[in-house]
Amino acid sequence: MHIYRTHNCNELRAANIGETVKLSGWIHSKREHPNALFIDLRDHYGITQVVVYPVASFFESLKRCPLESVITITGEVLARDDMAINKNRATGEIELRADEAIIENASAKLPLPIAGDQEYPEDIRLRHRYLDLRREKLHNNIILRSNVISSLRKRMIDQGFMEFQTPILTASSPEGARDFLVPSRLNPGQFYALPQAPQQFKQLLMVAGFDKYFQIAPCFRDEDARADRSPGEFYQLDIEMSFATQEDVFQAIEPVMAGVFEEFADGRTVETPFPRIPYKESMEKYGNDKPDLRIPFELCNVSEFFTEEGVEFKAFKSIVESGGMVQAIPAPCTADKPRSFFDKLNKWAQKEMQAPGLGYIRLEDGENGLEGKGPIAKFFPQDVIRRMAAKAGLGAGDAMFFSAGKAGDAYKLAGAARAEVAKQLGLIEENVFKFCWIVDFPMYVWDEDNKKVDFSHNPFSMPQGGMDALKNKDPLDILAYQYDIVCNGIELSSGAIRNHQVDGMYKAFEIAGYSHDVVDKEFAGMINAFKYGAPPHGGIAPGVDRIVMLLAGAENIREVIVFPMNQQAQDLMMNAPAEVDPKQLRELHLRLDLPKDLK
RNA sequence: GCGGGUGUAGCUCAGUUGGUUAGAGCGCUGGCCUGUCACGCCAGAGGCCGCGGGUUCGAGUCCCGUCACUCGCGCCA
């Protein structure tokens with residue numbers, strides 16, 4: 001007999017009654033009775049009840065053995081009396097009588113309980129991640145993650161994609177997020193950077209003729225955390241394909257995404273095909289480029305009404321007159337909401353969005369038809385309110401909030417307010433995954449801080465109209481073959497058809513202020529490669545952690561990462577980051593120059 | 001870097017307008033209970049009320065500062 005087990009803890013059934021078997025696992029719970037001690041023995045697979053009778057020599061030691069100790073039990077599989085069958089458990093028809101017992105490793109006092117689904121402080125959970133991972137919910141999330149990744153791999157391989165590993169120690173890139181740097185011992189004063197994504201490598205694989213590449217790729221960006229953004233590192237399903245148009249990428253990837261979501265939907269629906277929304281339309285209707293299509297209402301531009309004669313709302317009027325805009329955020333069916341509902345949203349805008357506030361008008365049936373009510377309604381002639389409501393598709397019993405400012409600010413507040421209003425009103429559709437493609441991103445944006453034109457997304461993207469557009473159009477009017485996949489308001493991936501011509505690359509970078517020499521230096525690998533026959537190519541990179549997060553229904557990305565860091569990018573379990581031995585610093589030719597308060 | 005929230009027993013939480021000895025559940029220890037499976041019953045141990053100042057006759061409670069965790073803003077081609 002194997003020294004640890006003949007079966008796992010989710011294997012024994014009525015058919016095994018009478019067999020002598022061995023199980024190993026953790027003590028999940030204990031119930032002590034005068035005639036018997038019951039132990040729920042748990043492993044990765046499930047739970048089996050062990051019964052220990054007082055005649056056993058080890059009765060006392062098992063009785064005192066703490067929860068979460070690892071034990072090995074040998075004994076006979078017994079049938080349970082009809083009355084004692086536990087129908088909630090796969091192994092509930094039987095139990096294992098302990099004839100021999102070994103305590104493999106007794107547990108110390110637990111910093112957090114394993115059984116049950118109570119919530120616990122995250123720092124304790126992270127410090128003792130190995131314990132938290134024993135708990136059912138997290139354990140299942142991680143199993144789901146593994147299954148999702150297998151499924152993604154299979155779907156890609158079935159389509160003829162090949163998986164390659166790309167370097168982790170690579171060169172810093174001047175674009176994008178802050179890099180993580182690694183000092184070079186052999187090259188004093190020089191640094192590697194961890195890849196923010198294998199962007200250039202995957203394009204070089206296309207130049208190398210591999211045609212279809214994918215990788216479950218680790219990506220490193222030194223940026224601050226969010227609920228849906230793990231600090232430091234995350235994984236992408238990185239994809240690139242040669243001789244592909246934007247449409248080819250969509251045809252290849254949409255079935256992978258829809259398929260994997262359907263596979264693990266567990267009763268939730270996935271709507272296909274994914275609607276395609278131009279970036280500009282998304283900003284206008286949803287206030288951002290990651291719309292949550294589960295929300296059943298859209299924003300409405302009402303700027304035109306604020307300059308009409310008779311409208312006395314000076315603050316917004318002057319904003320519109322100086323080139324700004326006003327977005328209306330519908331709040332349907334709010335007739336029965338108390339004043340506090342509106343106050344609360346106003347406070348939310350001030351606190352969370354650091355906005356001046358969120359004005360609103362309530363719409364009611366009055367003597368002469370639709371009437372506007374609320375603190376700012378008096379600044380508007382009633383016919384303006386009626387026309388404004390009509391444009392926003394609202395009627396009696398509804399309300400509308402207003403977001404005003406420069407286009408960017410107005411959209412931003414309106415988009416966030418749309419989500420907040422929907423949340424407060426319980427109007428977000430449940431049990432559905434609503435995807436969309438966002439297409440036609442602008443190639444460039446105006447960088448107000450540095451007073452220059454900058455890339456809006458990926459500098460390697462192909463501008464729509466190609467070289468002609470780069471040469472002859474206003475850079476801010478050029479669109480790119482650049483696209484995102486969004487699901488339920490979460491940006492899942494972004495991708496693009498790449499600019500594969502050397503001249504086009506130089507020109508595109510020149511517009512963003514990068515000289516020929518700088519491009520040669522910073523993007524040496526790629527620009528050189530493109531001189532030797534680069535195929536047209538494009539790709540995309542869905543975020544694996546976010547896919548799993550959506551499928552797991554997790555509120556927080558750390559719930560789907562095995563060993564995550566906290567918001568301050570610290571690994572509380574491994575104590576990283578940490579100071580290092582001075583000898584290590586000397587080898588790397590580094591000397592510390594810490595801020596005063598840390599010296 | 002900035003703003004919000006939280007911090008009371010190993011864990012989850014309650015704690016009134018500032019007023020006796022800071023409570024409950026889970027867990028732990030001991031005892032009881034004829035088969036439990038969220039077992040039940042009795043008893044017990046366990047508290048720098050995050051930390052430091054202040055106001056007050058008196059602070060878990062009010063004020064200031066600080067730390068930790070978290071959510072958001074900035075950041076994220």
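Throughout, a chain's letter reflects where its sequence line sits, starting with A, and its residues are numbered from 1. Keep in mind that the numbers below use all heavy atoms, side chains included, and drop hydrogens, waters and symmetry copies.
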Return the pairing partner of [N] with a 3.5 Å limit on both distances, Watson-Crick or G-U wobble; otherwise return none.
{"N": "B:rA38", "value": "none"}
{"N": "B:rA43", "value": "B:rU29"}
{"N": "B:rC2", "value": "B:rG72"}

Whole-angstrom distance between [N] and [M], as gauged at atom [atom1]:
{"N": "B:rU8", "M": "B:rU61", "atom1": "C1'", "value": "11 Å"}
{"N": "B:rG53", "M": "B:rG10", "atom1": "C1'", "value": "30 Å"}
{"N": "B:rC28", "M": "B:rC11", "atom1": "P", "value": "15 Å"}

Would you tell me if any nitrogen or oxygen in the side chain of [X] comes within less than 4.0 Å of OP1 or OP2 on [N]?
{"X": "A:Gln568", "N": "B:rC69", "value": "yes"}
{"X": "A:Gln567", "N": "B:rC71", "value": "yes"}
{"X": "A:Arg226", "N": "B:rC73", "value": "yes"}
{"X": "A:Gln570", "N": "B:rA68", "value": "no"}
{"X": "A:Arg64", "N": "B:rG30", "value": "yes"}
{"X": "A:Arg31", "N": "B:rU36", "value": "no"}

If you only use heavy atoms from C-beta on, which nucleotide in B:rC11, B:rU70, B:rC75 is closest to the side chain of A:Asn556?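 Ranking B:rC11, B:rU70, B:rC75 by closest atom to the A:Asn556 side chain puts B:rU70 first.
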Among B:rC76, B:rC28, B:rC39, which is the nearest nucleotide to the side chain of A:Arg221?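 For A:Arg221, the side-chain atoms sit closest to B:rC76.
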Is any N or O donor-acceptor pair between the side chain of [X] and the base of [N] shorter than 3.5 Å?
{"X": "A:Arg80", "N": "B:rC37", "result": "yes"}
{"X": "A:Asn86", "N": "B:rC37", "result": "yes"}
{"X": "A:Arg125", "N": "B:rC11", "result": "no"}
{"X": "A:Gln49", "N": "B:rU36", "result": "yes"}

If the threshold is 4.0 Å, N to carboxylate O, is there a salt bridge linking A:Glu122 and A:Arg558?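 Result for this pair is yes, salt bridge flagged.
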Return the value, rounded to whole Å, for the distance between atom CD1 of A:Ile47 and atom C1' of B:rU36.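 Taking atom C1' of B:rU36 as the reference, CD1 of A:Ile47 is at 14 Å.
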